[in-house]
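All residue numbers refer to positions in the sequence shown, counting from 1.
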Amino acid sequence: AFSVVSKLLSQRKLDLLDELVSAEVLQVLKEKISLLPDNHRDALAADIDAIMYTTEGDVRIYYDDDGRKFVSILMRFWYLNGANLPDEVPGETKVFQIVFGDESTKEKRHLLTANYEFQREFTEGAKPDWTITRIEHPRLLE
C-alpha cells in the first residue's frame with residue numbers, strides 16, 4: 001500500500017486515492033502536493049524494491065463514543081530514491097546519499113523516510129478495509 005500510494009502522490013493522481021486515504025488527509029495532501037517543486041514530488045515515490053526497512057511505530061486499539069472498535073498502526077518506511085534533491089534540504093537536515101558504481105558511472109540515491117498510519121474498524125459487521133489516516137514524508141511534504 002505504501003508503494004502504491006506514494007507513487008500516486010508523486011504522479012498527482014490523487015483522485016485514485018479516494019478509497020485508500022481518509023478524506024481529511026486527502027484534502028491536506030491536495031493542498032500540499034500542488035505547491036511542491038517537481039524534485040520533491042518525484043522523491044515521494046517509493047518503488048517496492050527500493051524499500052530498505054520498515055518498522056511499526058505505534059499500534060493502538062481503541063473504541064469511539066459509539067462503542068465501535070478500531071485498530072491503528074503507524075508504519076515507518078526507509079526507501080531509496082533517485083530524485084534530484086539537494087544535499088541539504090529545508091530544516092538543515094542531512095539527506096543520506098548512497099552512491100552505486102564507480103566514479104565514472106555512479107548513481108546517487110537518497111535514503112528517505114515516510115510515516116503512514118493505517119486504520120481499520122474491527123466492530124462486528126464492519127467492512128475489513130484499511131484506510132490511511134496519516135501520511136508524512138519529512139522534509140518533502142511540509
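- One N or O on the side chain of Arg41 and one on the backbone of Ser10 form a donor-acceptor pair closer than 3.5 Å.
- No hydrogens or angles considered: a donor-acceptor pair under 3.5 Å links the side chains of Glu117 and Thr133.
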Candidate pair Tyr79 and Met52, rule side chain to side chain contact (heavy atoms under 4.5 Å, CB included), full reasoning: CA-CA 5 Å; Tyr79 63 101; Met52 305 306 294; 5.7 Å; no

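- When hydrophobic clusters are built by joining Ile, Leu, Val, Met, Phe, Trp and Tyr residues whose side-chain heavy atoms come closer than 4.5 Å, directly or via intermediates, Trp130 is grouped together with Met75.
- The shortest side-chain heavy-atom distance between Val59 and Glu56 falls under the 4.5 Å cut-off.
- Between Phe77 and Phe2, the ring planes are parallel. Angles under 30° get that label, and only those over 60° would be called perpendicular.
- Atom CZ of Arg109 is separated from atom CG of Leu80 by 6.0 Å, given to the nearest 0.5 angstrom.
- Between Leu20 and Asp18 there is no side-chain heavy-atom pair separated by less than 4.5 Å.
- Other residues, nucleotides and ligands contribute more than 12 heavy atoms inside 6.0 Å of the CG atom of Asn39.
- A 4.5 Å side-chain heavy-atom check between Arg120 and Asp129 finds every atom pair outside the cut-off.
- Atom CG of Asp65 has 12 or fewer heavy atoms from other residues, nucleotides or ligands within 6.0 Å.
- The only member of Thr54, Thr55, Thr113 that meets side-chain contact (heavy atoms from CB on, under 4.5 Å) when paired with Arg76 is Thr55.
- Atom NZ of Lys32 and atom CG of Leu44 lie 11.0 Å apart (nearest 0.5 Å).
- Side-chain contact between Val21 and Thr131 is absent, with no heavy-atom pair separated by less than 4.5 Å.
- Counting non-hydrogen atoms of other residues, nucleotides and ligands closer than 6.0 Å to CD1 of Ile48 gives a total of 12 or fewer.
- Within 6.0 Å of atom OH in Tyr63, 12 or fewer heavy atoms from other residues, nucleotides or ligands are found, so the atom counts as exposed in its surroundings.
- Heavy atoms only, all atoms of each residue included: Arg68 and Glu121 are closest at CD-OE2, 3.2 Å.
- Cluster membership check: Leu141 does not share its hydrophobic cluster with Val28, using side-chain heavy-atom separations under 4.5 Å among Ile, Leu, Val, Met, Phe, Trp and Tyr.
- Side-chain atoms of Ser72 never come within 3.5 Å of backbone atoms of Arg60 as a donor-acceptor pair (strictly under, hydrogens ignored).
- Here Ile33 contributes atom CD1 and Leu140 contributes atom CG; the two are 9.5 Å apart, rounded to the nearest 0.5 Å.
- Residues Ile73 and Ile61 share a single hydrophobic cluster, defined by chaining ILVMFWY side chains whose heavy atoms lie under 4.5 Å apart.
- Looking at Phe70 and Asp64, their side chains come closer than 4.5 Å, going by heavy atoms from C-beta outward.
- Counting only distance, with no hydrogens or angles, the side chain of Asn81 and the backbone of Ala46 share no donor-acceptor pair below 3.5 Å.
- Side-chain contact between Leu112 and Arg139 is absent, with no heavy-atom pair separated by less than 4.5 Å.
- Residues Val4 and Ile51 fall within the same hydrophobic cluster, defined by Ile, Leu, Val, Met, Phe, Trp and Tyr side chains chained together at heavy-atom separations under 4.5 Å.
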Side chain to side chain donor-acceptor pair (under 3.5 Å) between Tyr116 and His137: does it pass, once the steps are laid out? CA-CA 9 Å; Tyr116 280 49; His137 284 262; 2.9 Å; yes

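- Side chains of Trp78 and Leu111 form a contact here, defined as non-hydrogen atoms less than 4.5 Å apart.
- Counting heavy atoms from C-beta on, the side chains of Leu17 and Leu9 come closer than 4.5 Å.
- Connection of Ile132 to Leu26 is established within a shared hydrophobic cluster, with ILVMFWY side chains joined at heavy-atom distances below 4.5 Å, either directly or through further cluster members.
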